[in-house]
Structures are given as structure tokens and as C-alpha cells.
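Every number for a ligand or one of its atoms is a count from 1 in the order of the listing.
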Amino acid sequence: MILSGKRILLGVCGGIAAYKAPALLRLLTKKNAIVRVVLTEGAEAFIGPLTFEALSQEKVFCQRDFLSPPPGLIPHTHLGRFAQAIVVAPATASFLATLSCGNAQSLLVASIMASKARVLICPAMNVSMWEHPAVRENVAKLLSWGYEVLCPGEGELACGELGPGRLPEEETIISHLERLLAPQDFSAKKVLITAGPTREPLDAVRFISNRSSGKMGLELAKAAWKRGAEVTLIHGPLAISPPPFLKTLPVETTSEMAEAVLSRLAEIDVLIMAAAVADYRPVRVYPGKMKKNSPSLTISLERTTDILSEVTKHKSPGQIIVGFAAEEKDCLRQEALRKLREKGLDLIIANDITRPETGFEVETNEVYLFFADGRETHIPLASKEEVAWKILDAVKELF
Ligand code: CTP
């Protein structure tokens, strides 16, 4: 979405993680970015330009193009002007050193120096190299110049050692790139988002829950983070893992979620309750595993805390409280308006759970927005990512 039509320069350096760069390029082009690639001499030793040329459908620039440029083209200024954002993945220790001392002998460093674009550097190297004072100093210098440096992931490295040094997943790199290019209209806002179902235990192995996957809440959290918010995601068990760049707090039961939300209420600007919270819990949780020694079983349930109603009792002026309502078509508007009023919300977002493309566990949604001031709008069927973006546009109107 953010990357669609954006001109991205992808720089690839000569480390073993260079083999992951084509997958990153593929994902960038899938997001409709216009990508040009620069390979350092080291990168070419690992992977040839043909792979990148086939994936980007563009000429790939190598060091030899810098030394003997095509007629009428000055490669580093051409690429520097082309780029709206530059991503270097993987970035080696040697690249960090040459960039941090302004040594423009390589086409990649010269292109970065000739550009006004935002730069995202994704180092990947052996753990001892990453911890070496020379690398630490170079990274500190690059950060002080306003470059974004993405810390390498931890795990088993190609050299066999364990620790930080891995190139982060493509999705993580892309999300950081999107944040560089997104409007920062939520910067300095503290946003708390809940997602997924809660679970109420019956015994040591069984529980009551619902079909929420948590995707809508997760997309809202990612979108708010990309738009500059300080996001905390409180979530029940999710169908997909949240990305590593989000601050998350996993919970299980409604009372754990209530505790987590209410204890943070004083410090936030916006709460978006996208979680599908269990409304009832067993009165008694059986210790151990229940045996099937009777022909039928009756379980007594009691109400859980209504988190939103508690929140709005304690909210401060200026705080924005947003709820969700999963409804059936016939009563969607009426029920959404009732919940908006009874829970004291600023905005409620309702979807029709009877339609397969807007129900649970799907990638798309279509929602109806009801504001406390009486306004009503509608976001047509789109991916949950796009819907999340538009919901945040509506939340922004309330600032
Ligand atoms: N919610 C909450 N605490 C609960 C139940 C729901 O804060 N114990 C929040 C949900 O996160 C959502 C909103 O209230 O933002 C509406 O949730 P929904 O399940 O649609 O409505 P309920 O209040 O549970 O009412 P009902 O089940 O009767 O539709």
C-alpha cells in the first residue's frame, strides 16, 4: 500500500545473507514498488545480477558500471535522484565502515551520498564482528546522521555461531521501510490495541473461546506503528505471531486482559479494543482434567468484566476510546449504536459476521463506523491492512 509506486533503491553487499536479497526484491515488487538494484563487488561474488534483473525487470547496477558508465549516464547521481528510499540488505561491516567515513569509491556508497532519500541499513554478519567496537562506532555515527539501522536478528548464524547477526525477515525489513515512507501523523501518540480472543479455562486442558484470529487488531497495531505511534499490543492467543518490532503483552483470560488494559489506561492517548473478549467464564475451574464419568454435564458460567465499560468510567479528557462490534446484518446499526452509547465510546467499528468475506479468520473486512457525535461512515470491502489504515484515518479525526 505505502510502497505502491514508490521508487526504492536496493543495495546488496557481499555477505552470505545476500542470497536472501532476491526474496526481499520479490516482496518489494509484489507491493508494486519500482525497484533498482545496486550490487557491490562482494555481492556479485555471492549472487549474479541476472537474478535481480529478472525479478526487477530493470537494469541492475554493478561496480563496473561506476568505473565505465553507460554513455550519457552518471550512475551514482542517477540512482541517488531516482530513490525515494534506499534499503541496504544485507549491509556488511565493510559497507558500514566505508559509508561512515564517506569513502565514495563504491557505487552503492556514492549513490547514498548523492541522494536525499531516507536510508534503511540492515546489517548481517558474524556475531563477534557485530559486537566489535569498530562496527559499534560506525553504527552510532550512521544513526547520528539520521540513517535508520535495523538491528540484526538473533539465532544460529551461517558461520555456526549463535547470537545477533542474522538478516531480519523480509516482512520486518519491508515494515521498517514502510515506516520511513509513511506519514508520521500518529507520532508522539501512545496507542494501546487489543487483539485476538480471550480464553476461559474449564479445567487443566479445556477452555471456552471464540474464532477470532486477531488479524484485524494486528493490522491496526502495525499501521499505527508505521504512522509513528508508540504502540502496545495486548493480545490473546493469536493465529499468527506478531512482528518483532511491536511491543506486545500476551494474556489469556478476560480478567488478565482487563488488568493489562486498565493498568495502562492513565498513560495512553488512544485505546482500540479489537479483541473478541469472552463474556462468560466457568464459575469453577476444575483442578486437573475432568473425566467423562457422567452422561451429561452442565457448566455454570458467570459474566466477565466488560473492559470497555470499566475503561470509560476511568478515562481522562482527551483520551480516545474505540470499540468493535461483531454483528449480524439485520441488527448491525442498531446494536453498534447501543454499544457505542452504553459503553461510552468515541467510535465503534461494526462488521457483519454472517458474510464469509467479513467474518472471522479471513484476510478481508468491510466495516461501518459510528461516531459519538452522530456521524456514520463506511469502509468498503478491502484487505484488513487497507481497512486498518482507513480506521486510523477516522481515529485521527478525533485528535
Ligand atoms: N468488550 C469488552 N469487554 C467484554 C466484552 C467485549 O471490552 N467483556 C469489547 C470488545 O473488545 C469490543 C466491544 O466491547 O470492542 C464490543 O464487543 P462485542 O463482543 O461485540 O459486544 P459485547 O459487549 O460482548 O455484547 P454482545 O456479546 O451482547 O454482542
(request) Please could you name the atoms of ligand 1 that T305 approaches to less than 4.0 Å, counting only its heavy atoms? (result) 3 (N), 4 (C), 8 (N)
(message) Distance under 4.0 Å to a non-hydrogen atom of A326: what atoms of ligand 1 satisfy this?
(response) 20 (O)
(message) As an exercise, state the distance from NZ of K6 to CG of L177, rounded to the nearest 0.5 Å.
(response) 10.0 Å
(message) Need the ligand 1 atom indices (1-based, order shown) with element for anything under 4.0 Å from a heavy-atom of A325.
(response) 20 (O)
(message) Over 60° means perpendicular and under 30° means parallel, so tell me whether H378 and Y368 are parallel, tilted or perpendicular.
(response) parallel
(request) Could you list the atoms of ligand 1 found under 4.0 angstrom from a heavy atom of G323? (result) 15 (O)
(message) Would the distance check show the side chain of N138 and the main-chain N or O of S100 forming a donor-acceptor pair, the cut-off being under 3.5 Å?
(response) no
(request) Answer whether the closest heavy-atom distance between the side chains of S115 and L79 falls below 4.5 Å. (result) no
(request) Distance to 0.1 Å, residue and atom name: give those for the protein heavy atom nearest to atom 28 (O) of ligand 1. (result) R338 NH2, 4.3 Å
(message) Is there a polar contact between ligand 1 and M273, counting only N or O atoms under 3.5 Å apart?
(response) yes
(message) Is there a polar contact between ligand 1 and A275, counting only N or O atoms under 3.5 Å apart?
(response) yes
(message) If the contact criterion is a heavy-atom separation under 4.0 Å, does E310 count as touching ligand 1?
(response) no
(request) Measure the distance from atom 16 (C) of ligand 1 to every protein heavy atom, then report the residue, atom name and distance (to 0.1 Å) of the closest one. (result) F324 O, 2.8 Å
(request) Only heavy atoms count here, so choose which of L345, N351, D279, V311 is nearest to atom 19 (O) of ligand 1. (result) D279
(request) Would you mind checking which non-hydrogen protein atom is closest to atom 2 (C) of ligand 1, with the distance to 0.1 Å? (result) I307 N, 3.6 Å
(message) For ligand 1, which is the ligand I care about here, please tell me if A274 has any N or O atom under 3.5 Å from one of the ligand's N or O atoms.
(response) no
(request) Output the list of atoms in ligand 1 that are nearer than 4.0 Å to some heavy atom of T304, sorted by atom number. (result) 8 (N)
(message) Does the structure place the NZ or CZ of K289 under 6.0 Å from the centre of the six-membered ring of Y286, at an angle of no more than 45° from the ring's axis?
(response) no
(message) Donor-acceptor check, side chain of T29 to backbone of S56, threshold 3.5 angstrom: yes or no?
(response) no
(request) Would you check if the side chain of N210 reaches a backbone N or O of A276 as a donor-acceptor pair within less than 3.5 Å? (result) yes
(request) Decide if atom CD of E41 counts as having more than 12 heavy atoms of other residues, nucleotides or ligands within a radius under 6.0 Å. (result) no
(message) One thing to verify: whether E302 and R281 come together as a salt bridge, which I'm taking to mean a side-chain N less than 4.0 angstrom from a carboxylate O.
(response) yes
(message) I'd like to know if D185 pairs up with R227 as an ion pair, taking the criterion as any Lys NZ or Arg NE/NH1/NH2 lying under 4.0 Å from an Asp or Glu carboxylate oxygen.
(response) yes
(request) Number the atoms of ligand 1 from 1 as they appear, then name those within less than 4.0 Å of a heavy atom of K343, with their elements. (result) 1 (N), 6 (C), 9 (C), 13 (C), 14 (O), 16 (C), 22 (P), 23 (O)
(request) For L308, take its heavy atoms, then give the atoms of ligand 1 lying under 4.0 Å from any of them. (result) 2 (C), 7 (O), 9 (C), 13 (C), 14 (O), 15 (O)
(request) Could you tell me whether the side chain of Q319 and the main chain of L265 form a donor-acceptor pair under 3.5 Å? (result) yes
(message) Is there a polar contact between ligand 1 and V277, counting only N or O atoms under 3.5 Å apart?
(response) no
(request) Pick whichever of E335, K339, R281 has a heavy atom sitting closest to atom 25 (O) of ligand 1. (result) K339
